[in-house]
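For reference, the structure discussed in these notes is given below.
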There are 2 protein chains.
Amino acid sequence: MAAAKDLTTSKQEFINCWGDMASHWGVSRTMAQIYALLFVSAEPLDTEQIMADLGISRGNANINLHKLLDWQIIRKVEVPETRRDFFEAEKDIWKLTERIIQERKSREIHPLTDSITQIQQSLQELPDGSTRQMTPEEAEFAQNLQRMQDFLRLFEQVSGIFLGLLRERKVDQLTSLLGLFTEMSGR
Amino acid sequence: MAAAKDLTTSKQEFINCWGDMASHWGVSRTMAQIYALLFVSAEPLDTEQIMADLGISRGNANINLHKLLDWQIIRKVEVPETRRDFFEAEKDIWKLTERIIQERKSREIHPLTDSITQIQQSLQELPDGSTRQMTPEEAEFAQNLQRMQDFLRLFEQVSGIFLGLLRERKVDQLTSLLGLFTEMSGR
DNA sequence: CCGAATTTTCAATTTGAATTGAAAACCGCC
DNA sequence: GGCGGTTTTCAATTCAAATTGAAAATTCGG
């Protein structure tokens, strides 16, 4: 909230807009703002600087810097002449995308498929391990669960391919393939 | 919170797991739970039923039912013999996906590109409309913004194609194209 | 037009997540 | 070992968003 002394208005706007968007995607505002701040900064910043620019507490800065490190979308950099930690953002948007997809897959998609698998099992097995009879309604539920699993598996496949292309820097190849897609879907 | 009288444990688990996931994606728990409840129900349910099964208040149920209607992932259905509204979920996961992508695009991606466009303009224009000189650092910032716009535009393109395929029920075509992708990326 | 059934609204409250700030731990260096 | 400088921790607090519940509005059959 507290205004940064030396950030231009444009940068401030960017930081805010990034923060707003984050809250719609279940990411804490501060985490997004720190990323945005580092993204718009030409030089790496230390904790003091970040606290001042964003008007946040030390604890808050520390926690969210760690989350961002965890996600591997910012990194620590050594700065001679000082003992402090400095941070810089991953500015390559393709790498950023890769990291975000990767993290969300392992944090949210995988637990989901795991839970569904477990529910599927408990639907068809008794606690002792023998199979049980489902009611027709349960059977329909089981079928819907399976459809969801199939979908998630396909998503896994798509994102795997996509990540592969990103990782190998085949972005231009990707875009040209998209052209192909466009052809084939007749648009 | 309050236990449903007649929901099986599996269904309860599913509803919870859906609710948990939602909170990681910036969607309210209740909204997701109502969707999940309708998804696992063979028959449409009325507000009373939903309140009872989920242990939530009338106001809460009402608001979230409307959000879901807004997203077009549930619908009202007429039930003879009664004046009440009954609701059923969109159970086709492909349509569900289409709706979610569509909604998130217009609610979150478009506002983001709009904001960035505006920031880009304010970077290069003076309030009176004449162009202004950027510092080298601003120029770099402007370049990064442009990269982000390009990315968002590509995302727009990809999701457009994807939605087109989904809408035309060309899911099998989609999966076979994915096979092609896999070939080409050599995995 | 009335009244029962149903839905909608909204000010007040609750809840859970984010944030603070100060104390504790850490870390290299003299 | 002890002393700045720095990071980490965590109980207490704040804050925004979700939720409640009762009152008001709506809708419809008679």
Side-chain angles (χ1 to χ4, degrees), chain A residues 1-2 4 15-16 18-38 44-71 74-88 107-108, chain B residues 1-2 15-16 18-38 44-71 74-87 107-108:
Chain A
M1 200 93 310
I15 291 168
N16 287 339
W18 210 241
D20 290 347
M21 193 195 37
S23 53
H24 290 143
W25 289 91
V27 173
S28 99
R29 178 170 238 76
T30 306
M31 180 169 162
Q33 286 183 327
I34 294 179
Y35 176 82
L37 174 61
L38 294 175
L45 304 180
D46 66 0
T47 308
E48 298 294 333
Q49 195 53 236
I50 293 168
M51 287 163 56
D53 284 353
L54 258 30
I56 59 175
S57 72
R58 185 175 303 287
N60 194 8
N62 187 268
I63 285 172
N64 287 100
L65 281 166
H66 279 282
K67 285 199 229 162
L68 288 164
L69 287 170
D70 235 35
W71 279 59
I74 68 169
R75 33 176 180 272
K76 277 190 194 179
V77 292
E78 304 283 323
V79 171
E81 307 285 301
T82 172
R83 259 159 85 176
R84 265 162 293 149
D85 289 340
F86 282 74
F87 303 90
E88 72 179 5
R107 284 165 201 268
E108 286 131 32
Chain B
M1 199 104 306
I15 291 168
N16 287 340
W18 210 241
D20 289 348
M21 193 194 36
S23 52
H24 289 145
W25 289 91
V27 173
S28 98
R29 180 172 237 76
T30 306
M31 179 169 161
Q33 286 183 326
I34 293 179
Y35 176 82
L37 173 61
L38 293 174
L45 304 180
D46 66 1
T47 308
E48 298 294 332
Q49 195 53 234
I50 294 169
M51 287 163 57
D53 284 354
L54 260 31
I56 60 176
S57 72
R58 185 175 305 285
N60 194 8
N62 187 267
I63 285 171
N64 287 101
L65 281 167
H66 278 282
K67 286 199 230 164
L68 289 164
L69 287 170
D70 235 36
W71 280 60
I74 68 170
R75 35 179 176 272
K76 278 189 193 178
V77 292
E78 306 281 323
V79 171
E81 307 285 302
T82 172
R83 244 158 98 176
R84 264 163 292 148
D85 289 339
F86 283 74
F87 303 90
R107 283 165 202 269
E108 286 131 33

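Reminder, nothing fancy here: chain letters follow the sequence lines and each chain counts from 1.
A/T30 comes within 4.0 angstrom of sugar-phosphate atoms only, judged by non-hydrogen atoms across all strands, and of no base.
When the C1' atom of D/dG5 is taken as reference, atom CD of A/E48 falls 10 Å away, rounded to whole Å. Computed from coordinates, the A/I63 CD1 to C/dA18 P distance equals 10 Å when rounded to whole Å. Computed from coordinates, the B/I56 CD1 to C/dT14 C1' distance equals 15 Å when rounded to whole Å. Separating the CG atom of A/N64 from the P atom of C/dA18 is a distance of 9 Å, rounded to the nearest angstrom. Atom pair B/L69:CG and C/dT7:C1' shows a separation of 13 Å (rounding to whole Å applied). Rounded to an integer number of Å, the gap from CE of B/M51 to P of D/dT20 is 9 Å. Atom CG in B/L65 sits about 13 Å away from atom C1' in C/dT6, given to the nearest Å. When rounded to the nearest whole Å, the span between CG of A/L54 and P of C/dT19 equals 10 Å.
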Pair A/R107-A/W71, side-chain contact (heavy atoms from CB on, under 4.5 Å): steps then yes or no: CA-CA 10 Å; A/R107 284 165 201 268; A/W71 279 59; 3.6 Å; yes
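Evaluation of the side chain to side chain donor-acceptor pair (under 3.5 Å) rule for B/T47 yields no partner, not counting sequence neighbours. Shown here are the side chain to side chain donor-acceptor pair (under 3.5 Å) partners of A/D20, two or more places apart in sequence or in another chain: A/R29. With sequence neighbours left out, B/R75 forms a salt bridge (Lys or Arg N to Asp or Glu O under 4.0 Å) with B/E88, B/E90. In this view, A/D85 and A/K76 satisfy the side chain to side chain donor-acceptor pair (under 3.5 Å) rule, not counting sequence neighbours. Scored by the side chain to side chain donor-acceptor pair (under 3.5 Å) test, A/R84 finds A/D46, A/T82 as partners (sequence neighbours excluded).
Candidate nucleotides C/dT20, D/dT6, D/dT19 were compared by shortest atom distance to the side chain of A/R84, and D/dT6 ranks first. Considering only side-chain atoms of B/N62, the nucleotide from D/dT7, C/dT7, C/dT19 that sits closest is C/dT7. Residue B/S57 has its side chain nearest to D/dG21 when only C/dT19, C/dT7, D/dG21 are considered.
Mapped onto DNA chain C by nearest heavy atom, B/N60 and B/D85 fall at different nucleotides, with B/D85 at the one closer to the 5' end. Of the two residues near DNA chain D, A/R29 and A/K76, the one whose nearest nucleotide lies more 5' is A/K76.
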B/S/- contact track for nucleotides 22-30 of chain C, protein heavy atom under 4.0 Å: -----B---
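For the pair A/I50/A/L38, a side-chain contact is recorded, criterion being any heavy-atom separation below 4.5 Å from C-beta on.
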